[in-house]
Amino acid sequence: MDNKAIIKKIVKTSSASVKEIVELLKGDTDYLFYEADKIRQEYCKDEVHLRAIIEFSNYCRCDCQYCGLQRSNKNLKRYRMSIDEIAENAKMAYDAGYKTMVLQSGEDSYYDSDKISQIIKDIKSIGDIAITLSVGERDYIDYKKWRLCGADRYLLKHETADKDIYNKLHPHSSFERRIQCLKWLKELGYQTGSGFMIGLPGQTLNTIANDILLLHEYDVEMAGIGPFIPHPDTPLGNLKTGSSILTLKAVAIIRLLLKRPHLPTTTALEVSSSDNAFFAGANVIMRKVEPYKYRRLYEIYPILNLREKSIKEERREVEEYIKSIGREISSSKGDAIIIKNSEVS
Ligand code: SAH
């Protein structure tokens, strides 16, 4: 089968083999992106969802080998935002037009179950806001409590579907635990997001194919794919940045195969290549909204020249950009897209 035939088959059957995905990852982009964009149009229309992300703490118990927030990085100044500061920040983002707040942090046990619950309640009392949590691996009872407090969504990237690579890169945890958490989140009714990085050491095209199939298996409602960007204060600091073209291809294949997930054009992609994935199937973009004094310290990967702008100004700029590429700004909260069975043959 040539790549065109593979693409048609994946679109029609919503299934793919590792071999087929690898062929697409090796192949040309024109038809792949064209078809991915068509499916995006069909399922998501021209709406782009804008999400505000509040990176509220850079303390982390973990030692993810690629991440600048890893606990072994002693060069990083650590910060925590107070509950009131987080709520005020969310209010400002809401006033600027954001209807989804993504709350992300390192794995910081200072924010225990009650504190996170309080943050959820405070933000929910501001207005009709969807809350996405992204605070890593926690116990089932925490996830359950936060869901009952009103958290709508959860992002927990699987990072890599290769168990050995995963366990090497995450000495503090395990692949099994990561997947267990994902299963709990789905079971609890969170709109669940996962995703992975392109360019991790040891990763092959087969690994990426398995990454894509893992997202398919767990039928995720959101998926973030970004290139790995080396951080000098980590053990992987001397490696190369992941390929942006492979990242775009992965996004496109996910759109063909899974159809409905919300797919952001990730910040890592923007940072590493000034590319965006809007023409390869993406329909979401996030903007940081926490004060710049914190933004500078949320150094997952090196942060380049930040130009200070107000939340409103930044929102206006993204809106302009989205309109300039012929897309629309969504006025909804952008919940998960549900497909009726009859729609997928
Ligand atoms: N503690 C939370 C949030 C992690 S940071 C959690 O465990 O889910 C959010 C994401 O940043 C990670 O899931 C990872 O995919 C990405 N990330 C971390 N370091 C990175 C790097 N050096 N390059 C690219 N992406 C990175």
Side-chain angles (χ1 to χ4, degrees), residues 51 53-73 76 78 80 102-111 116 132-138 142-143 146 151 153-161 165-166 169-175 177-182 184-185 190 192-201 203 208 211 214-215 220 222-244 246-247 250-251 264-273 286 288 290 294-295 297-304:
R51 323 283 202 201
I53 176 163
I54 305 176
E55 296 160 331
F56 63 91
S57 161
N58 69 353
Y59 280 85
C60 195
R61 73 169 182 92
C62 304
D63 238 340
C64 307
Q65 297 293 289
Y66 44 81
C67 182
L69 305 190
Q70 60 172 256
R71 67 157 182 253
S72 304
N73 181 6
L76 184 66
R78 306 281 170 167
R80 290 188 173 112
V102 182
L103 296 168
Q104 192 179 85
S105 67
E107 289 202 16
D108 183 2
S109 58
Y110 167 84
Y111 300 89
I116 299 277
T132 306
L133 296 175
S134 180
V135 299
E137 296 167 21
R138 295 279 187 133
D142 293 347
Y143 289 154
W146 300 337
R153 311 178 191 146
Y154 206 105
L155 297 179
L156 189 76
K157 296 193 187 181
H158 69 270
E159 316 293 3
T160 174
I165 299 178
Y166 187 95
L169 294 178
H170 305 90
H172 55 276
S173 186
S174 68
F175 184 71
R177 167 89 180 149
R178 197 75 173 174
I179 296 298
Q180 178 60 260
C181 287
L182 265 180
W184 284 338
L185 293 165
Y190 282 95
T192 306
S194 197
F196 56 91
M197 274 172 278
I198 299 278
L200 292 175
Q203 182 186 62
I208 299 176
D211 281 321
L214 189 147
L215 299 177
V220 295
M222 304 174 281
I225 320 305
F228 155 74
I229 304 175
H231 188 297
D233 296 329
T234 65
L236 306 188
N238 291 326
L239 298 188
K240 281 202 318 247
T241 297
S243 153
S244 58
L246 261 186
T247 304
V251 171
T265 180
T266 47
T267 317
L269 184 63
E270 292 180 68
V271 168
S272 66
S273 67
M286 291 195 205
K288 297 176 181 228
E290 72 270 10
Y294 301 132
R295 256 184 241 199
L297 300 173
Y298 199 79
E299 222 188 52
I300 288 175
Y301 39 74
I303 300 168
L304 309 169

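Atom set for the values below is all heavy atoms of this structure, side chains included, hydrogens, waters and symmetry mates excluded. The first residue in the sequence is number 1, and the count goes up from there. Remember, it's 1-based here, ligands and their atoms both numbered in the order they're listed.
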Looking only at non-hydrogen atoms, the one of R61, E159, Q70, H158 nearest atom 14 (C) of ligand 1 is E159
Around atom 6 (C) of ligand 1, find the nearest protein heavy atom and jot down its residue, atom name and distance. G136 CA, 3.6 Å
Pick whichever of E137, K157, R178 has a heavy atom sitting closest to atom 8 (O) of ligand 1. R178
Indicate yes or no: does an N/O atom of L156 lie under 3.5 Å from an N/O atom of ligand 1? no
Geometric N/O contact Y301 with ligand 1, under 3.5 angstrom: no
Give me the residue, atom name and distance of the protein heavy atom closest to atom 9 (C) of ligand 1. Q104 NE2, 3.5 Å
Centroid separation Y154 to Y143 less than 6.0 Å: yes
Charged N to carboxylate O below 4.0 Å: is that the case for E137 and R178? yes
So for ligand 1, is Y66 a polar contact partner (N or O within less than 3.5 Å, distance only)? yes
Ligand 1 contacted by M197 (non-hydrogen, < 4.0 Å): yes
Does the T234 side chain pair with the main chain of H231, one donor and one acceptor, at a distance under 3.5 Å? yes
How close does the nearest protein non-hydrogen atom get to atom 24 (C) of ligand 1, and which residue and atom is it? P227 O, 3.3 Å
protein heavy-atom neighbour closest to atom 26 (C) of ligand 1 works out as I300 CG2, 3.4 Å
On a heavy-atom basis, I'd like to know which of G224, G68, S105 is closest to atom 1 (N) of ligand 1. S105
